[in-house]
Amino acid sequence: MTTGTISETADVFQILDPEGNLDDNRLEIELSRSLLTSLYRDMMLSRRFDQRCINLQRQGKLGTYASVRGQEAAQVGVVRALEGEGILFPSYRETAAVLARGIEPSELFLYWAGDERGHRSGRSRGVFPFCVDVGSHPIHAVGAARARQIQGNPTLAVPFFGDGATSEADFLAALNFAGVWETPVLFFCQNNQWAISVPREQQTASETLAQKSEAFGFPGERVDGNDPLAVYQLTRRLHRRCLEEPTPYFVEAITYRLGDHTTADDARRYRTEEEVEAWKKRDPLKRLRLFLERQYDWTRQDQSDLESEVDQVIDNAWEEYCQIPDPDPDSILESTYETLPDELRQQRDELRAERSDV
Amino acid sequence: MSEPSTLVDALNRAHRELMRQDDSVVVLGEDVARNGGVFRVTEGLLEEFGPDRVMDTPLSEGGIVGSTVGMSAHGLRPIAEIQFSGFIHPAMDQIVSHLARLRTRSRGTYTCPAVIRAPYTGGIKPPEHHSESLEALYVHVPGLKVVTPSRPNDARNMLHGAVRDPDPVMFLEPKKIYRSVKEELPEDPNPIPPGTARRERTGEEVSIFSWGSMFQGVRRTLESLENAPSADLIDLRSLFPIDRQTIVESVRKTGRVLIVQEAPRTGGLASELTALINEQAFLYLEAPVHRVTGFDTVFPYPRLEDHYLPGEKRIQSALEKVISF
């Protein structure tokens with residue numbers, strides 16, 4: 001079992017501690033109420049949207065869902081720091097990241113309800129489709145960054161993945177190709193301590209995940225993934241550095257998966273309540289709220305207004321989702337290739353005939 | 001061009017034509033740049049187009065195809081070489097889980113207009129793993145197209161067709177005939193998109209379907225026979241999509257079918273063709289569909305290779321059986 005005593009670890013970069021105390025010496029970015037409240041709002045939207053999805057799944061209205069609870073700061077910090085630039089390559093647990101990037105919550109409902117149309121607006125926001133095939137997508141990010149280099153339009157690619165993904169062969173290939181090609185790729189690893197039921201210590205004998213990048217010739221560092229300011233600041237610095245040198249970079253964000261792996265999992269089978277409680281004390285939303293209250297006059301009214309606003313967004317998104325017509329079964333056949341080959345045209349006609357024979 | 005070209009020459013030429021025409025066409029793979037490819041298909045491309053467009057990659061098929069996914073989804077048209085088809089397997093996850101399905105799962109907002117090239121088939125007595133014919137695996141993966149030329153002109157035109165195709169194409173090159181078949185190439189290419197077969201001979205008695213280096217084997221067998229049957233000899237060229245119209249028309253005319261494949265028998269494409277013929281031309285058949293295939297074994301080491309590969313004797317004997325049924 002793991003408790004991750006990261007506050008004692010010198011090499012994990014942190015600006016805002018779990019109690020909301022700021023380390024001025026480490027702060028490089030300019031803070032403002034608007035920046036902080038927008039980070040907080042994005043994290044809150046994710047937190048409450050995430051819980052709504054779990055509830056909806058339990059009611060049979062959504063399919064299996066993978067909660068992001070506890071990882072909001074890591075994801076929102078990165079995405080907000082990019083300010084709409086770069087290309088994001090999510091896994092399947094990047095709810096906070098894609099919402100912060102501007103993907104409509106109703107499209108996320110579509111995806112988790114099991115509808116391919118949930119991916120359709122990703123292109124317009126520089127977001128690649130989700131990746132469920134663990135560890136297989138960082139190499140896509142490398143390819144995309146390479147394409148942008150070749151096209152004379154260097155762009156940062158940011159694959160998001162967990163501790164488990166770092167064991168996959170194609171993940172190691174991604175690091176290797178990125179190192180050799182010197183592509184601007186920010187490998188953003190959320191070490192949330194668990195790969196379903198396999199704890200971090202069993203995933204690799206490496207002392208840290210960040211050090212794996214060293215084997216492939218480029219730097220890596222660790223950050224407190226529950227500190228939105230540290231993640232934000234680090235990302236802004238690395239965005240520039242990765243493009244300028246150019247170089248890939250590995251960031252291991254120490255965080256915790258507060259929820260189950262998915263709604264089909266029960267984490268109580270393999271980890272203790274004590275451990276979860278210890279990590280709840282490091283909750284990313286809590287520390288930012290404390291800081292806002294102390295330094296920016298964040299009141300109870302502000303808090304409850306925000307929660308209402310966010311809940312309204314989620315309610316509206318659900319309404320919107322419910323109005324979307326059912327997917328067209330023809331799309332099974334028609335989306336496979338750009339133009340229907342003969343075989344698929346015949347099969348589409350078979351399916352149509354079957355559906356009209358009620 | 002007056003001097004006859006081999007398959008390798010034709011492919012090299014097609015690469016140059018494509019890369020000159022379109023800046024977004026790039027080449028990547030092991031040994032493709034400085035070495036020009038172990039079969040020299042990409043010879044000279046590095047000198048003409050530079051290292052940004054002709055890339056030697058680290059030794060990782062998963063990395064080659066995975067980065068091809070990312071590149072092709074972001075505006076490039078990569079031609080990725082896998083050095084031998086027997087080494088495609090580490091890339092199967094990238095092929096099946098990503099290359100073949102990105103279009104449908106993103107509802108067309110992300111696509112992979114990429115070509116994966118690989119030498120395949122046996123007949124050159126190389127070390128093990130260098131003689132595979134597992135084309136049925138790729139045909140069975142929805143979302144891919146699979147093509148295989150059997151002559152230089154087709155190789156050139158089919159590579160044009162494959163690179164221009166908006167969907168991912170597995171381009172399988174029969175290594176046995178890389179240099180043994182020569183023909184003159186016209187000045188300009190004539191792109192052949194996936195989906196069309198080619199009729200080499202027209203006849204009445206039997207339809208013979210084949211592809212890759214086996215096609216050349218069948219052709220030579222027919223030429224060597226004193227009383228060769230009058231045959232529709234058809235090179236499939238495209239394994240998916242299949243040119244169903246050409247196949248079915250031929251079978252309805254002749255009523256007798258011989259399929260010749262080098263690949264292992266069970267689950268091979270002869271099975272698929274038989275099912276198609278069954279569905280669309282059953283009442284026209286005078287005999288069951290006959291097939292000549294490799295065995296359901298691993299391709300043997302070179303000393304036994306000649307016993308595995310369908311040769312003239314096996315083809316001739318099958319031809320006699322189907323004609324006399």
Side-chain angles (χ1 to χ4, degrees), chain A residues 87 89 115-124 128-133 136-153 155 157 159 168-181 183 327 331-344 346, chain B residues 23-24 26 28 52-53 55-76 78 90-91 93-94 96-98 100-111 113-114 142-145 165-168 193-195 238 240-245 276 279:
Chain A
I87 309 171
F89 292 80
D115 191 320
E116 287 92 339
R117 294 173 297 175
H119 277 142
R120 65 187 169 185
S121 79
R123 169 71 90 175
S124 64
F128 211 58
F130 280 5
C131 183
V132 171
D133 183 15
S136 65
H137 64 301
I139 187 66
H140 306 158
V142 175
R146 185 82 185 112
R148 288 284 181 260
Q149 277 179 324
I150 293 169
Q151 292 156 343
N153 177 18
T155 306
E168 278 282 1
D170 282 0
F171 172 76
L172 301 172
L175 295 182
N176 195 37
F177 274 55
V180 167
W181 281 344
T183 43
S331 65
I332 299 171
L333 278 309
E334 285 171 352
S335 306
T336 303
Y337 298 96
E338 187 180 271
T339 312
L340 274 185
D342 238 14
E343 289 88 336
L344 271 71
Q346 180 184 325
Chain B
D23 278 347
S24 74
V26 300
L28 68 156
D52 270 358
R53 292 182 67 196
M55 296 170 264
D56 275 338
T57 64
L59 212 165
S60 165
E61 290 75 16
I64 292 168
V65 180
S67 57
T68 294
V69 169
M71 287 182 195
S72 62
H74 291 89
L76 294 184
D93 185 47
Q94 291 296 338
V96 175
S97 303
H98 298 292
R101 72 182 66 192
L102 190 59
R103 172 187 292 280
T104 190
R105 62 188 295 262
S106 71
R107 283 301 184 254
T109 56
Y110 283 99
T111 63
L144 295 179
K145 295 183 180 174
D165 198 288
D167 290 303
S238 182
F240 193 92
I242 290 184
D243 184 347
R244 298 172 354 144
Q245 190 175 345
L276 171 66
E279 280 163 10

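Keep in mind that what you see is a predicted model, and the values were worked out from it rather than measured. Just so we're on the same page: letters track the sequence lines, and every chain starts at 1.
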Mutual orientation of the aromatic rings belonging to Phe240(B) and Tyr337(A) [parallel < 30°, tilted 30-60°, perpendicular > 60°]: parallel

Greatest number of heavy atom pairs closer than 4.5 Å to chain B - which of Pro341(A), Ala173(A), Pro129(A): Pro129(A)

Most chain B-contacting option - heavy-atom pairs closer than 4.5 Å, from Pro138(A), Ser331(A), Ser121(A): Ser331(A)

All ring-ring contact (aromatic ring centres under 6.0 Å, His included) counterparts of Phe177(A), not counting sequence neighbours: Trp181(A)

Please state whether the side chain, the backbone, both or neither of [X] comes within less than 4.5 Å of a heavy atom of chain B.
X: Phe128(A); answer: both
X: Leu344(A); answer: side chain
X: Glu338(A); answer: both
X: Gln346(A); answer: side chain

Which heavy-atom pair separates [X] from [Y] by the least distance, and what is that distance?
X: Asp93(B); Y: Ser136(A); value: OD2-CB, 3.7 Å
X: Ser335(A); Y: Arg107(B); value: OG-CD, 3.2 Å
X: Thr336(A); Y: Arg103(B); value: O-CD, 3.6 Å
X: Asn176(A); Y: Pro58(B); value: ND2-CB, 3.6 Å

Residues forming a side chain to side chain contact (heavy atoms under 4.5 Å, CB included) with Asp243(B), sequence neighbours excluded: Thr196(B), Ala197(B), Gln245(B), Thr246(B)

Are any of the side-chain heavy atoms of [X] and [Y] separated by less than 4.5 Å?
X: Pro241(B); Y: Asp342(A); answer: no
X: His137(A); Y: Val69(B); answer: no
X: His74(B); Y: Arg146(A); answer: no
X: Asp133(A); Y: His98(B); answer: yes

Side chain, backbone, both or neither: which part of [X] has a non-hydrogen atom closer than 4.5 Å to chain A?
X: Asp52(B); value: both
X: Arg105(B); value: both
X: Leu102(B); value: side chain

Residue selection (most heavy-atom pairs with chain A, distance under 4.5 Å) from [options]:
options: Leu276(B), Val65(B), Asp23(B), Ile242(B); value: Ile242(B)
options: Gly143(B), Pro166(B), Gly195(B); value: Gly143(B)
options: Pro142(B), Gly108(B), Pro90(B), Ala73(B); value: Ala73(B)
options: Gln94(B), Met55(B), Arg53(B), Glu61(B); value: Gln94(B)

Trace of the side-chain contact (heavy atoms from CB on, under 4.5 Å) decision for Ser106(B) with Arg123(A): CA-CA 9 Å; Ser106(B) 71; Arg123(A) 169 71 90 175; over 6 Å; no

Measure the spacing between [atom1] of [X] and [atom2] of [Y] and express it to the nearest 0.5 Å.
X: Thr339(A); Y: Asp165(B); atom1: OG1; atom2: CG; value: 8.0 Å
X: Ser60(B); Y: Asp170(A); atom1: OG; atom2: CG; value: 6.5 Å
X: Arg120(A); Y: Thr109(B); atom1: CZ; atom2: OG1; value: 10.0 Å

